[in-house]
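Sequence lines set the chain letters: A, B, ... in the order given, protein chains first and strands last, and positions in each chain run from 1.
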Amino acid sequence: MGVIKDLKNLIAGLGITGKHLGTHAITVQYPEQRDKIPERSRGIVVLLSDKETGELNCTACQLCMRACPTGAIVVEFERDENKRKVLTNFTLDNTICCFCGLCEESCNFSALKLAQKYEFSTIGKEELVWDMHKLQEVGRDVPYEDKRKKKKAAPKKPTPKPTEKKPEEEKKPQQTKEEVEAQAEKKAKPVDKPVDKMEPKPEPEKEKPATEDNQPGEKPKAGEEPTEQTGGKTEQAGDDSKDDTKKEGSD
Amino acid sequence: MALRTEEFVVNMGPHHPSTHGVCRLVLTLDGERVKKVEPVIGYLHRSIEKICENRTYPQCIPMFDRIEYVTSMSCNQVFAMAAERLAEIEVPERAEYLRVIMLELNRIASHLLFYGVTAMDIGAYTPFLYGLRERELIIDLFEMTCGQRLTYNYIRIGGVSHDIPPEFVPKCREAMRIIGQKMADYEGLLNENPIWLARTKDIGILRAEDAIAWGVSGPVLRASGVKHDLRKDDPYSIYDRFDFEIPVQKNGDTFDRYIQRLDEIRESIKIVNQALNGLEGVEDDKIKAKVSPNFKPPAGEAYARIENSRGELGTYLISDGTKKPLRVKTRGGSYNQLQALPLMCHDVLVADLVAIFATLDVIMPEVDR
């Protein structure tokens, strides 16, 4: 009796799996066929370029660098004769990026995005550390919505913002009114370094940049105020050492 | 002439496929009978709590994703809740509904994964494919909403990161309908199967008083007959608005722990459907309370606890008024369940030990953190 019941139950289970006979597979053959990826899908980080000029949208404000929980992003910049920031390098270490999307959210200038791309396997680990040019190249065909609303109007017009900024605004087409506002905002509430592994910041430096057009505390290694004004060489060094400490810490 | 036998100590793991991560069990065997089990933990310790002390509050949420990666949403939620209690932030109603939908969807996804891997540990392969197929429907919903399939970083301090896309609601209803239908298949495959019953019935019984004494929570506790669920007993978020039952089993054996999860899927489907209806009635579009990027809660301490698919998940935060938490402590259900494992393994076969371990549904990162 028990055996018959057991057999019946076994056959009931087989019946359920048997329903799939003749139906199509729900999986896809990956390299040839691909599933459609949702629009919001967070893949690799790319740098976005201006749709018209083809230049990078990044203004080297370093907000993404500060937002990154793992320290995967390193933004390096120099200051030109007008103390305006010029992006010199943007390094993304894909080996420690956790694809959380906080950098994209922190960016006010549509400078970077977590694109829908996900294929970036390489032979060597070193090839996964991408610099500005590689990131820009990968991000060329990524569609995006430009968050810089006043872009058209701003470049030539001197804005009624702090007087010392006016000359910079005229020279730099990418630095828009909004950006200035955002910077002013940042000035109001200083942002700390998010990652512990970064250099310990000297306390007085936090207050210092409030007098400049620069956000507070963004260059902990930049040293004293004069060096920051004269050139970006020290900043460069600071970034390198930061990079090292970060990698060390991420292990 | 009787053969002389003696007990034999064997290491199971740390890289045993049935330990779901890296857990080492030191077994004392008498032939094929397990005399003693001693879980050795710490192989997956990543010091997430300490890492969080060096991150700002918003940066802690991606770290919390990785504490319990099968239900990341609940980890997001518990951290956000603790931080909101610290800073006394009011969460918009729409965000609360979205949170409940995501938490319950994640609970269903987690239980479906449990259904699949438990059956596979015990030796049935088909349920694994079934469980993962329907789980995919839910993972697709998450990907559509927040862009990620496993580590969501969706529930933020003060709300959620994205509103749902317009196609979410119909797809979610459809997924709930499909999973509701497939429940009959899941049960049909295993519930009456004689091999399954022989492997699970009266194996690894955890008595209710032992479960309480060892701090076991969640489905394992309820399978032992204790009706305890934080969603009812200490309602957080907006769980008091929904009509659902807390399923309870009697025996606390492996079979009950399995059937308990299937019952919970049904209740979660109910909650999701009610929450989707409720979401339509919310007029306010706001999904996030105003929280500064430099979130600085006042000095103090807060504890938040929620019921996730592995029991009580709690987070204790101490703030010293700076951007970074002074102390982060997480309490995961898996830890207590793993500690209760020796209680259930009196004179069982090694194969049954695997079955018992599987139905505890332990996630090792939650144990070690």
Side-chain angles (χ1 to χ4, degrees), chain A residues 2-20 25-27 35-43 63 66-71 97-106 108 113-116 118 185-186 188-198 217 249-250, chain B residues 50-63 65-66 124-127 129-130 132-133 136-137 140-154 156 161-162 165 167-168 182 184-198 292-294 296 322-324:
Chain A
V3 177
I4 295 168
K5 192 176 160 233
D6 286 355
L7 275 176
K8 227 172 86 185
N9 290 328
L10 277 179
I11 290 163
L14 283 175
I16 291 168
T17 49
K19 279 192 282 186
H20 293 282
I26 58 157
T27 48
D35 269 337
K36 204 167 159 262
I37 296 181
E39 213 177 293
R40 292 181 188 172
S41 203
R42 301 203 299 256
L63 276 184
R66 250 172 258 143
C68 182
T70 59
C97 174
C98 69
F99 304 99
C100 62
L102 289 178
C103 51
E104 185 185 338
E105 273 168 46
S106 70
N108 295 322
K113 191 174 187 237
L114 275 81
Q116 294 175 26
Y118 51 90
E185 222 178 273
K186 277 164 231 151
K189 28 185 177 169
V191 190
D192 246 335
K193 285 289 169 197
V195 191
D196 55 309
K197 292 122 197 171
M198 292 189 183
S250 71
Chain B
K50 192 71 192 169
I51 291 173
C52 286
E53 288 171 21
N54 296 313
R55 300 283 182 283
T56 63
Y57 286 87
Q59 285 176 345
C60 288
I61 293 179
M63 301 296 146
D65 274 337
R66 281 140 182 98
Y125 186 67
T126 317
L129 301 175
Y130 277 58
L132 259 73
R133 184 184 61 190
E136 197 69 11
L137 294 172
D140 283 346
L141 290 173
F142 289 148
E143 193 182 10
M144 184 198 291
T145 309
C146 67
Q148 204 65 285
R149 295 169 66 83
L150 205 59
T151 49
Y152 309 111
N153 192 16
Y154 178 65
R156 302 290 175 82
S161 69
H162 297 86
E167 66 269 27
F168 180 90
K182 299 281 182 194
D185 280 1
Y186 301 155
E187 299 200 325
L189 274 176
L190 294 180
N191 278 17
E192 302 287 319
N193 186 308
I195 303 167
W196 180 262
L197 291 179
S292 154
N294 307 316
K296 260 190 210 171
T322 60
K323 274 183 252 171
K324 297 170 184 173

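Of all the heavy atoms in A:L114 and A:E104, the pair that sits closest is N-OE1, 3.1 Å. Contact detail for B:Y154 and B:H162: the closest heavy-atom pair is OH-O, 2.8 Å.
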Full working for side-chain hydrogen bond (donor to acceptor under 3.5 Å, both in side chains) between A:S41 and B:E143: CA-CA 6 Å; A:S41 203; B:E143 193 182 10; 3.0 Å; yes
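When heavy atoms are compared at a cutoff of 4.5 Å, A:I37 approaches chain B solely by way of its side chain, counted from C-beta outward. Of the atoms belonging to B:P58, it is backbone heavy atoms, and not side-chain ones, that fall under 4.5 Å from chain A. Using a 4.5 Å cut-off between heavy atoms, A:I16 touches chain B through backbone and side chain atoms alike. In this structure, the portion of B:Y152 lying under 4.5 Å from any heavy atom of chain A is its backbone and not its side chain. In this structure, chain A has a heavy atom under 4.5 Å from the side chain of B:R66, while its backbone stays farther away. Proximity to chain B is limited to the side chain of A:K19, based on heavy atoms less than 4.5 angstrom apart. Using a 4.5 Å cut-off between heavy atoms, B:T145 touches chain A through backbone and side chain atoms alike.
Scored by the ring-ring contact (aromatic ring centres under 6.0 Å, His included) test, A:F99 finds no partners at all (sequence neighbours excluded). Partners of B:R156 according to the salt bridge (Lys or Arg N to Asp or Glu O under 4.0 Å) rule, which considers only residues two or more places apart in sequence or in another chain, are A:E105.
The existence of a salt bridge linking B:K50 and B:E53 is confirmed by a sub-4.0 Å separation between a basic side-chain nitrogen and an acidic carboxylate oxygen.
The candidate with the highest count of non-hydrogen atom pairs below 4.5 Å against chain A, out of B:D185, B:T151, B:N193, is B:D185.
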